[in-house]
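First up is the structure itself, then whatever we jot down about it.
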Protein chains: 2
Amino acid sequence: MKNGQATIKDIARELKISFSTVSRALKDYPGISEETKRKVKEMAIKLNYRPNAIALSLRKNRSFNIAVIVPEVVHFFFSTVISGIEEIAKKRGYNVILTQTNEKLDKEKSSIEAMLSNQIDGFLISYSKETTEFSHFENIIDQGFPIIFFDRIPDIPNSINVKVDDFEGAYNAVSHLISQGYENIAHLTGPKNLKISQERERGYREALANHGMPIREEMILECPMGTNEEGKRLALSMLDQLNPRPDAFFANNDMAAVGVMMACRDSGYRIPEEIGIVGFSNWQFCTMLEPGLTSVSQPGIQMGKKATELLLDIIEKKVELDTIPNSITLNTELFIRKSSMRLHKKS
Amino acid sequence: MKNGQATIKDIARELKISFSTVSRALKDYPGISEETKRKVKEMAIKLNYRPNAIALSLRKNRSFNIAVIVPEVVHFFFSTVISGIEEIAKKRGYNVILTQTNEKLDKEKSSIEAMLSNQIDGFLISYSKETTEFSHFENIIDQGFPIIFFDRIPDIPNSINVKVDDFEGAYNAVSHLISQGYENIAHLTGPKNLKISQERERGYREALANHGMPIREEMILECPMGTNEEGKRLALSMLDQLNPRPDAFFANNDMAAVGVMMACRDSGYRIPEEIGIVGFSNWQFCTMLEPGLTSVSQPGIQMGKKATELLLDIIEKKVELDTIPNSITLNTELFIRKSSMRLHKKS
DNA sequence: AATTTGTTTGCAATCGTTTGCATTGTATTT
DNA sequence: AAATACAATGCAAACGATTGCAAACAAATT
């Protein structure tokens with residue numbers, strides 16, 4: 001029976017000793033005789049004793065739970081981050097409480113509220129697309145809760161962040177397209193309020209500028225939802241209306257890039273000969289498409305691991321707060337596949 | 001400050017009343033004057049009071065946490081189930097504690113151990129590929145913990161399960177291939193110890209048998225990892241060695257089916273004219289491939305929701321244990337796309 | 001005025017554990 | 001034999017909340 005779970009008191013009663021002695025014996029405190037320790041441990045096994053983590057939490061004011069708040073679970077990138085988080089958390093004895101906001105601000109706020117009652121030891125957050133104002137985060141920071149933001153970084157002074165170098169990733173991607181001889185490179189951006197979108201767009205612009213190429217504003221369209229339907233629709237409209245038409249697309253994410261591929265297929269353009277495509281995230285399916293989709297990798301697992309290690313170090317006060325780097329930036333890598341290889345054809 | 005969190009005692013001290021009165025006032029117990037209730041609630045807001053869920057858990061012997069144990073988080077199907085679980089759990093005031101086993105039995109066991117100390121209210125489990133023996137589950141069932149298994153169902157008497165009709169899904173998929181005129185249909189199975197793999201294989205066999213077609217054992221190969229590399233390798237070997245060669249493949253999962261597509265592309269077979277392909281799960285990327293991959297959908301979100309509703313009903317004793325259906329079976333749906341449309345060509 | 005009734009509030013135990021301090025018992029020193 | 005030291009154990013408070021029961025007080029009834 002669940003409620004028949006043995007406690008420290010049961011062990012004490014069986015052995016006719018006080019429960020403080022039992023507690024100390026189980027923890028190998030000094031000042032308890034070997035004999036007693038042995039007997040206590042044997043009885044613990046016999047009664048199938050398990051320490052009650054809830055009672056411990058109450059006593060220690062620590063729950064060994066960390067909250068993870070992500071926009072969506074069904075999302076390749078976030079699921080890799082979650083995987084990295086879970087791995088480190090478990091290794092260090094913490095539980096991961098998972099919540100998703102479905103990109104909704106009010107869900108984000110209510111999740112945080114709920115977690116605050118739960119004596120969470122810390123937060124790992126990637127905020128929603130709707131979030132443009134960060135006071136709900138600042139409140140909990142002020143209350144002394146450790147928070148680490150990953151991927152989507154808020155504009156909060158001294159927030160602790162783990163992200164990838166979006167600018168560099170985008171810069172490299174566009175530079176690669178230029179080196180392949182594409183001359184009218186379009187960009188499908190992410191939601192404008194997300195820093196990652198801004199940074200990727202900045203990378204796009206600087207790559208063009210540094211290679212002496214003109215920046216045409218009509219070649220830059222916002223693709224806020226980042227679905228393939230949206231990407232397809234926008235790509236079709238650009239191919240249809242712009243003159244000269246784009247001969248390459250750099251998309252803010254892989255889904256949108258797939259949309260572009262579909263648009264090209266539908267309008268009869270050959271990839272990569274007539275149109276080159278590069279995505280962002282390097283999702284699993286990049287290698288499964290035909291042609292393979294060139295993409296900028298985001299090291300999700302590593303991001304999850306780093307963020308969690310940092311958070312737990314802070315929680316366990318292993319690091320002085322003023323020695324914490326307030327931002328860890330991970331490197332991206334450009335995986336070049338057929339979708340952008342106009343010059344040297346490989347798979 | 002985190003440890004400066006106001007408690008019920010702080011409110012009591014401020015108002016110079018006892019903390020039991022505060023507790024009752026906050027909960028709108030009868031027998032507390034309106035005047036007192038008002039003052040208490042005002043003070044609660046003023047002090048930014050939040051009930052301590054840990055203390056409540058200890059008192060009530062309920063944590064409002066449920067444990068979710070899955071083989072992998074970075075997996076389209078499981079991530080959809082998790083999403084459904086999270087949605088219902090949050091709606092009903094529960095937290096989701098997420099653990100992944102990475103398909104390892106020892107991780108599965110240690111996760112369960114860890115959860116048992118955590119006063120979890122119940123479990124939602126899909127076990128690992130390595131798990132062939134279920135005593136670690138039976139132990140916790142015997143201890144009175146509610147468990148619901150989803151997708152991967154153990155061979156335990158009276159276990160409560162939520163699954164899809166794998167047999168029917170496979171039967172329909174293979175029948176569809178037959179109706180398209182394919183005559184040598186191969187099957188890449190999943191790990192033989194998983195019931196889902198067995199059921200899908202059974203569906204394959206019965207579909208052939210019921211249509212009066214021979215079953216050739218050499219056309220059935222185990223694809224235990226379910227990766228596209230593995231699928232590709234096995235498909236290539238079958239295409240190379242069997243006579244007559246397979247003219248269609250029914251794969252246990254979509255990744256393996258993609259591997260088959262790659263194999264066909266590499267060996268110059270046209271899809272669907274020369275070889276038809278059907279996968280299982282209907283992952284996102286099925287629509288993004290060219291040709292689109294026909295696949296049997298598994299309603300992951302719905303599975304997560306159903307399983308969670310059932311679990312919470314049991315936890316909250318809303319249902320009598322003997323009235324619980326010990327198995328809920330959800331329907332699959334065959335999404336027919338180009339990869340298997342030899343007769344009536346559509347997208 | 002004494003008794004009953006009802007309203008409002010407080011006391012104290014409880015959940016399972018940790019831990020500072022006090023107590024007991026035994027061995028050692030003088 | 002008395003004093004001291006030390007090892008081993010127990011007591012009780014604490015963590016933050018809930019809740020059965022008792023107490024206090026006021027109002028209503030006799």
Side-chain angles (χ1 to χ4, degrees), chain A residues 1-41 43-44 47-65 93 116-121 143, chain B residues 1-41 43-44 47-65 93 116-121 143:
Chain A
M1 278 302 296
K2 189 181 163 198
N3 291 344
Q5 183 55 257
T7 73
I8 234 172
K9 295 188 184 178
D10 296 316
I11 299 178
R13 195 178 324 109
E14 288 294 315
L15 295 169
K16 302 199 197 314
I17 56 179
S18 78
F19 53 86
S20 40
T21 303
V22 174
S23 170
R24 281 186 268 246
L26 288 171
K27 290 281 157 64
D28 274 328
Y29 265 53
I32 301 291
S33 69
E34 288 305 320
E35 169 71 2
T36 308
K37 285 184 188 173
R38 191 185 51 71
K39 279 198 292 188
V40 167
K41 287 176 183 172
M43 186 56 71
L47 297 181
N48 195 25
Y49 168 77
R50 274 174 228 289
N52 183 320
I54 298 282
L56 229 173
S57 296
L58 183 59
R59 188 80 232 284
K60 295 285 182 75
N61 210 18
R62 299 256 283 97
S63 67
F64 291 93
N65 289 164
L116 287 180
S117 289
N118 264 284
Q119 306 303 105
I120 284 296
D121 289 345
Q143 284 179 53
Chain B
M1 276 302 300
K2 188 181 164 199
N3 290 342
Q5 183 54 258
T7 73
I8 234 172
K9 295 188 183 177
D10 295 316
I11 299 179
R13 196 179 322 109
E14 287 295 315
L15 296 170
K16 300 198 197 317
I17 56 177
S18 79
F19 53 84
S20 40
T21 304
V22 174
S23 170
R24 281 186 268 245
L26 288 171
K27 288 282 158 63
D28 272 329
Y29 265 53
I32 301 290
S33 68
E34 288 305 320
E35 169 71 1
T36 310
K37 284 184 186 172
R38 191 184 50 72
K39 280 199 290 189
V40 167
K41 286 176 182 170
M43 186 57 69
L47 297 182
N48 194 25
Y49 168 77
R50 273 175 228 290
N52 183 321
I54 298 282
L56 231 172
S57 297
L58 183 59
R59 187 80 230 283
K60 296 284 181 78
N61 211 17
R62 299 258 283 96
S63 67
F64 291 93
N65 290 165
L116 287 179
S117 290
N118 264 284
Q119 306 304 106
I120 283 298
D121 290 343
Q143 284 177 54

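Only this structure's heavy atoms are used, side chains among them; waters, hydrogens and symmetry mates stay out. So that the names make sense, note that chain A is the first sequence line, chain B the second, and so on, each numbered from 1.
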Establish, with yes or no, whether the OP1 or OP2 oxygen of C:dT18 is under 4.0 angstrom from a side-chain nitrogen or oxygen of A:S23.
yes

For A:F19, report the nucleic acid contact type (base, sugar-phosphate, nothing); a contact means any heavy atom under 4.0 Å.
base

Sort me out a list of protein N/O and nucleotides 25-28 of chain D N/O pairs below 3.5 Å, or just none if empty.
none

In residues 49-56 of chain A, what residues come within less than 4.0 Å of DNA chain C, judged by heavy atoms?
A:Y49, A:R50, A:P51, A:N52, A:A55

Protein-nucleic acid N or O pairs under 3.5 Å, nucleotides 5-9 of chain D:
| unit_1 | atom_1 | unit_2 | atom_2 | d |
| --- | --- | --- | --- | --- |
| D:dT9 | OP1 | A:T36 | OG1 | 2.8 |
| D:dT9 | OP2 | A:S33 | N | 3.2 |
| D:dT9 | OP2 | A:S33 | OG | 3.3 |
| D:dT9 | OP2 | A:T36 | OG1 | 3.0 |

Does this structure show an ion pair linking B:D28 with B:K41, if we count only N-O contacts that are shorter than 4.0 Å?
yes

For B:T7, answer base if it contacts any base atom (sugar-phosphate contacts may also be present), sugar-phosphate if it contacts only those atoms, and nothing otherwise; contact means non-hydrogen atoms under 4.0 Å.
sugar-phosphate

Exercise: do B:T21 and B:S18 side chains pair donor with acceptor under 3.5 Å
yes

Which residues pass the side-chain contact (heavy atoms from CB on, under 4.5 Å) test with A:A12, sequence neighbours left out?
A:F19, A:V22

Compute whether any side-chain donor of one residue and acceptor of the other, for A:S23 and A:S20, lie under 3.5 angstrom apart.
no

Give A:K9 one of three labels, base, sugar-phosphate or nothing, depending on what nucleic acid heavy atoms sit under 4.0 Å from its own.
base

Map A:I8 and B:V22 onto DNA chain C by nearest heavy atom, then report which one ends up closer to the 5' terminus.
B:V22

How bent is the helix from C:dA1-D:dT30 to C:dT30-D:dA1, comparing axes over its five end pairs at each side, to the nearest 10°?
80°

Residue list, ring-ring contact (aromatic ring centres under 6.0 Å, His included) with A:Y49, at least two apart or on another chain:
none

